[in-house]
Amino acid sequence: MGLLSIIRKIKRKEKEMRILMVGLDNSGKTTIVLKINGEDTSVISPTLGFNIKTITYQKYTLNIWDVGGQKTIRSYWRNYFEQTDGLVWVVDSSDLRRLDDCKLELDNLLKEERLSGASLLILANKQDIKGALTPEEIAKVLNLEAMDKSRHWQIVGCSAYTGEGLLEGFDWLVQDIASRIYMLD
Amino acid sequence: MEDETEKQKQKKHSAMLERLSKRGQTRSTNPESSAESTSSFFSRFSTLKTSIESQLDQSQSFSSDPTNLKLHFQSISQSISDLEKLVAENSYLLPSYDVRTSLKTVSDLKNSLENLTNQLIPKRKFSFKNKPTKKDDKDTAIPQPKQPSQLSTLDTRLAVRESPGFRNKVGEVLVARFRGSEVGEFAVSDLDSCEVRILGSVRALFVHRLKNSRVSVGPVTGSVLIEEAEGCVFVLASHQIRIHAARKCDFYLRVRSRPIIEDCNGVRFAPYCLSYRGIEEDLRGAGLDTETGNWENVDDFRWLRAVQSPNWLVLPESERVGIVDLSNLKNGDEEI
């Protein structure tokens with residue numbers, strides 16, 4: 001029995017998924033996690049380091065790693081890559097000026113071998129703000145169509161402020177991971 | 001013969017010393033000359049740059065002649081390091097943005113040289129010499145890493161629309177009123193010696209590249225992101241505030257969460273002090289009607305230690321501006 005299948009079996013028992021949330025600073029990662037978990041989102045300081053949340057979602061347990069996006073600490077993202085089942089890339093759709101930065105960081109991330117098997121959910125956040133780019137426009141700017149064909153990915157517009165779109169996004173992510181890891185169910 | 005060259009050397013040396021001392025003088029006595037030297041730097045920089053680029057373009061013609069090709073690449077590499085030196089020497093005079101873009105150009109040139117070198121001078125493959133030759137076939141069959149051909153697609157920048165805002169002004173008073181209307185993001189960028197007054201609420205505020213300006217803003221219900229500011233005064237209320245690359249700026253803040261700074265220097269903080277007719281209502285509507293005291297709970301991402309960061313301090317009370325009152329603006333002010 002290969003190591004991979006052993007790991008799969010262990011995971012299957014626990015029905016556990018490891019989700020990594022990354023993106024530029026000010027994109028709303030922490031707000032999204034708290035909103036999904038039904039917590040108060042009115043006072044959130046920019047993340048120094050990281051937060052871990054364990055959430056029961058449908059029949060699965062999600063371990064969500066929410067890692068700070070400030071430039072200084074982006075180099076630490078790599079410490080969280082191991083065993084990531086799902087990658088959530090959060091975009092501030094109202095920050096038109098830094099979309100280039102956003103694309104650059106995402107491209108770098110996707111080169112990472114340890115993340116090559118992870119399902120990728122792109123959340124085009126802050127759709128509630130007037131003037132924000134639509135998910136379609138974000139997909140174009142990030143050139144998502146050019147991504148590796150083997151990657152499972154999806155882009156969803158959302159608002160961490162109103163909660164809109166979050167469940168849709170996470171539903172897709174969880175289903176996609178489940179179909180890969182818990183195939184035998 | 002040797003004496004002569006020695007003399008020449010000395011002559012050169014003393015001439016250089018003289019030049020240097022003159023340069024030092026003009027620098028200390030006449031700061032206005034910096035603009036002149038900046039423009040001369042740019043012209044030299046661009047001449048060097050174009051010559052390197054054309055040299056790079058010529059590289060293909062040497063491809064049949066490996067020894068000349070190597071020499072050619074060496075000379076390009078020399079020119080690039082000269083260019084780098086030129087930037088380094090002028091970094092003292094140039095605005096930080098220009099230093100960065102110039103360094104970016106240098107590193108881009110270096111990259112294209114490296115790419116060309118890899119392309120035209122194939123690296124010797126590592127192999128075990130005593131292995132049977134059959135295996136060599138396998139070695140060469142190792143899949144190559146992805147070609148850099150995708151780089152070109154990277155440049156296909158989309159013509160992204162601009163958000164509403166104030167941009168590219170010098171020495172103006174810029175006023176916006178957003179009373180009662182829901183406004184999304186607002187951008188304030190590339191201003192020099194301006195006074196910006198925003199009355200009412202916006203959802204998100206982006207500030208970029210400001211010099212010697214004052215920015216007073218009603219409550220921001222989302223977040224504020226400031227990048228590159230020098231010699232400015234900000235009066236802001238918001239749920240979140242992030243400040244990057246600010247130098248010698250004062251911030252009068254009311255924040256629901258902890259404000260953060262990154263790559264900042266000489267920034268000072270004090271409590272919010274804005275006033276205009278109806279501000280209490282706006283603040284209440286944004287959930288910012290009570291002082292949280294967070295204006296002094298600054299996190300410095302460049303100083304993750306328990307002791308106070310050297311990059312910021314609390315603005316002494318004696319040096320604070322009083323109340324910034326925007327109530328008495330004349331109707332003739334620019335409105336959008």
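Just so it is clear: chains get the letters A, B, ... in the order the sequence lines come, proteins before strands, and each one is counted from 1.
A:I73 and A:T47 make their closest contact through CD1-O, 3.6 Å (heavy atoms, listed as atom of the first residue, atom of the second, distance). Minimum interatomic distance between A:L167 and A:Y57 (heavy atoms only, all atoms of both residues): O-OH, 3.3 Å.
Heavy-atom pairs under 4.5 Å with chain A peak, among B:H244, B:E262, B:R256, at B:E262. Between chain A and the options B:Q240, B:R242, B:R258, the largest number of non-hydrogen pairs under 4.5 Å is found for B:R242.
Taking the six-membered ring where the residue is Trp, the centroids of B:W312 and B:F269 are separated by under 6.0 Å. Ring to ring, B:Y272 and B:Y252 are not that close: their centroids are 6.0 angstrom or more apart. Less than 6.0 angstrom separates the ring centroid of B:F178 from the ring centroid of B:F186.
When the heavy atoms of residues 153-165 of chain A are compared with those of chain B, the residues falling under 4.5 Å are A:Y161, listed by number.
In this structure, the portions of B:F301 lying under 4.5 Å from any heavy atom of chain A include both its backbone and its side chain. With a threshold of 4.5 angstrom between heavy atoms, A:K126 approaches chain B through side-chain atoms but not through N, CA, C or O. When heavy atoms are compared at a cutoff of 4.5 Å, A:D95 approaches chain B by way of both its backbone and its side chain. For a residue to count as touching a neighbouring chain, one of its non-hydrogen atoms must lie under 4.5 Å from one of that chain's; by this rule A:T31 does not touch chain B.
Counting heavy atoms from C-beta outward, B:R203 and A:K130 have side chains that stay 4.5 Å or more apart. Taking 4.5 Å as the limit, every side-chain heavy atom of B:R197 sits out of range of all side-chain heavy atoms of B:R177.
A side chain to side chain contact (heavy atoms under 4.5 Å, CB included) with A:L110 holds for exactly one of A:D148, A:L87, A:L115; it is A:L87.
Here B:I241 contributes atom CD1 and A:S45 contributes atom OG; the two are 11.0 Å apart, rounded to the nearest 0.5 Å.
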